[in-house]
S.K.: 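Structure in structure tokens, see below.
By convention here, the first residue in the shown sequence is residue 1. Values below: every heavy atom of this structure, side chains too, minus hydrogens, waters and symmetry copies.
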Amino acid sequence: MAETTDSAFRDAVPRVELNNGVKMPVFGFGTFLLGPGPEVGPAVEAAVATGYPLIDSAACYENEQETGDALQRCYERFSDLDRSKIFVTTKLQSGDQGYDKALEAFDLQLKKLQLDYVDLYLIHWPGVGGMARDDPKVTEIRKESWMALEKIYREGRAKAIGVSNYTVYHLKDLETYATITPAVNQIEAHPYFPQHEVRNYCKEKGIYVQAFPSLGRGALFTDPTIMEVASEAGKMPSHVLLRWAIQVGMGVIPKSKTPSRIVENSQIFDFELTDDQVDRINSIQIVKRLCKDTSDIV
């Protein structure tokens, strides 16, 4: 008997319409820190089988080949699956910034992923690999990279383009030369580092925010407010954190290499946080960045 995925779950995951009309799932599977190596493929296959509608990869994760191999196995294995059912994101790494380098890098990334197009392509980092953060040439090279992404988009090889780790400063700089507004800004955002300024600016400009690491790398699981809300909702702290992000208007891409945890992380659409619970989470006073800071990059 042919195998199938949990297509009912996949189809039920809400989609947000990006500023170019592309519909993007608000929930997906992240592959950061999963590879390279033998753990990537089984994790991606488990996510697809569970019904995750989005897979997030990146050149600097060094797992695009494994991710592509896993997706091809899924297309062959599951009778209810085709390319259109999985939203695939990948990213340009800082060492490949620049017009020609970005185009060459993207060609290689498509080859590794074994795809004709990606649904979303992001500039992963506003800095340039091998250059000082305050080098004035960084701004020009970053501009060249965006011009390359616009070309890729116009060719239809990326259905949407965007950025990651961009501050308001970087977004305003991009605005001075972009002819296409980025569809997405993927940033660190969680209750300990909610990024109000960037999120508000993105909302004003029609840029969708996708958050990482929504689970706070475990640091928020024992927060008293998160634990209290989880108890009230009859859910786990991880569910509360993912649900909070979605309800305040962000996408999420939790990661795990454990099949049971992959299923567990998906169990967030059978409940909603109350307005009071969201407000209490928003009122958490702890400020703690968990990922690298980009605010000093020119």
Side-chain angles (χ1 to χ4, degrees), residues 18-20 31-32 36 56-65 88-113 115 117-189 195 197-199 201-202 204-212 289 291-298:
L18 302 179
N19 58 24
N20 67 344
T31 62
F32 178 55
D56 178 271
S57 187
C60 73
Y61 300 168
E62 298 183 333
N63 60 24
E64 288 173 311
Q65 184 67 56
V88 179
T89 300
T90 197
K91 311 176 195 78
L92 176 75
Q93 63 183 342
S94 62
D96 291 327
Q97 291 259 33
Y99 187 80
D100 291 333
K101 289 179 71 175
L103 293 176
E104 292 173 10
F106 181 73
D107 287 342
L108 180 59
Q109 290 176 272
L110 275 189
K111 184 176 180 180
K112 289 181 177 180
L113 289 166
L115 300 174
Y117 69 91
V118 293
D119 298 275
L120 178 63
Y121 193 48
L122 306 176
I123 295 178
H124 203 159
W125 189 256
V128 177
M131 297 183 69
R133 289 177 169 229
D134 60 352
D135 191 321
K137 294 179 182 177
V138 167
T139 304
E140 183 59 32
I141 294 173
R142 188 167 64 233
K143 175 182 176 179
E144 292 178 9
S145 298
W146 185 255
M147 294 299 103
L149 263 67
E150 289 197 357
K151 174 178 170 61
I152 290 166
Y153 173 74
R154 290 192 176 99
E155 292 172 344
R157 298 196 296 154
K159 301 302 181 183
I161 54 175
V163 295
S164 180
N165 297 294
Y166 272 40
T167 65
V168 171
Y169 166 80
H170 300 124
L171 292 169
K172 287 183 175 180
D173 175 60
L174 176 62
E175 223 179 312
T176 65
Y177 54 78
T179 63
I180 299 172
T181 300
V184 172
N185 187 15
Q186 188 185 100
I187 59 172
E188 176 181 0
Q195 294 260 48
E197 182 186 13
V198 181
R199 285 166 51 200
Y201 186 83
C202 286
E204 176 188 333
K205 297 297 180 178
I207 302 169
Y208 185 60
V209 172
Q210 189 180 54
F212 72 86
R289 180 188 283 276
C291 304
K292 293 179 180 178
D293 187 7
T294 63
S295 62
D296 62 342
I297 298 175
V298 296

S.K.: Can you name the side-chain contact (heavy atoms from CB on, under 4.5 Å) partners of T31, sequence neighbours left out?
M.R.: F29, L34, V44, I55, S57, Y61, N63, T67
S.K.: Take H124 and L92 through the test side-chain contact (heavy atoms from CB on, under 4.5 Å) and record every step on the way to the result.
M.R.: CA-CA 5 Å; H124 203 159; L92 176 75; 5.7 Å; no
S.K.: Would you call D296 and R133 a salt bridge, using N to O less than 4.0 angstrom?
M.R.: yes
S.K.: Within the distance-only criterion (no hydrogens, no angle test), does the side chain of R142 pair as donor or acceptor with the backbone N or O of V298 below 3.5 angstrom?
M.R.: yes
S.K.: Does V209 reach the side chain of V184, with side-chain heavy atoms less than 4.5 Å apart?
M.R.: no
S.K.: Check whether the side chains of Y208 and N19 place a donor and an acceptor atom closer than 3.5 Å, and report yes or no.
M.R.: no
S.K.: Assess the pair F32 and F212: is the distance between their ring centroids shorter than 6.0 Å?
M.R.: no
S.K.: Give every residue pair that meets the side-chain hydrogen bond (donor to acceptor under 3.5 Å, both in side chains) criterion with at least one member in residues 157-170, sequence neighbours excluded.
M.R.: D107-R157, E155-R157, T167-H170
S.K.: Report yes if the side chains of T89 and L122 come closer than 4.5 Å at any heavy-atom pair, otherwise no.
M.R.: yes
S.K.: Could you note down all residue pairs passing side-chain hydrogen bond (donor to acceptor under 3.5 Å, both in side chains) where residues 175-186 supplies at least one of them, sequence neighbours left out?
M.R.: D56-Q186, E150-T179, R154-T179, E175-Y201, E175-K205, Q186-Q210
S.K.: Would you sort out whether D173 and L171 count as a side-chain contact (heavy atoms from CB on, under 4.5 Å), showing the intermediate values?
M.R.: CA-CA 5 Å; D173 175 60; L171 292 169; over 6 Å; no
S.K.: Counting N and O atoms only, with roles assigned by atom type, does the side chain of S94 sit under 3.5 Å from a partner on the main chain of G127, one being a donor and the other an acceptor?
M.R.: no
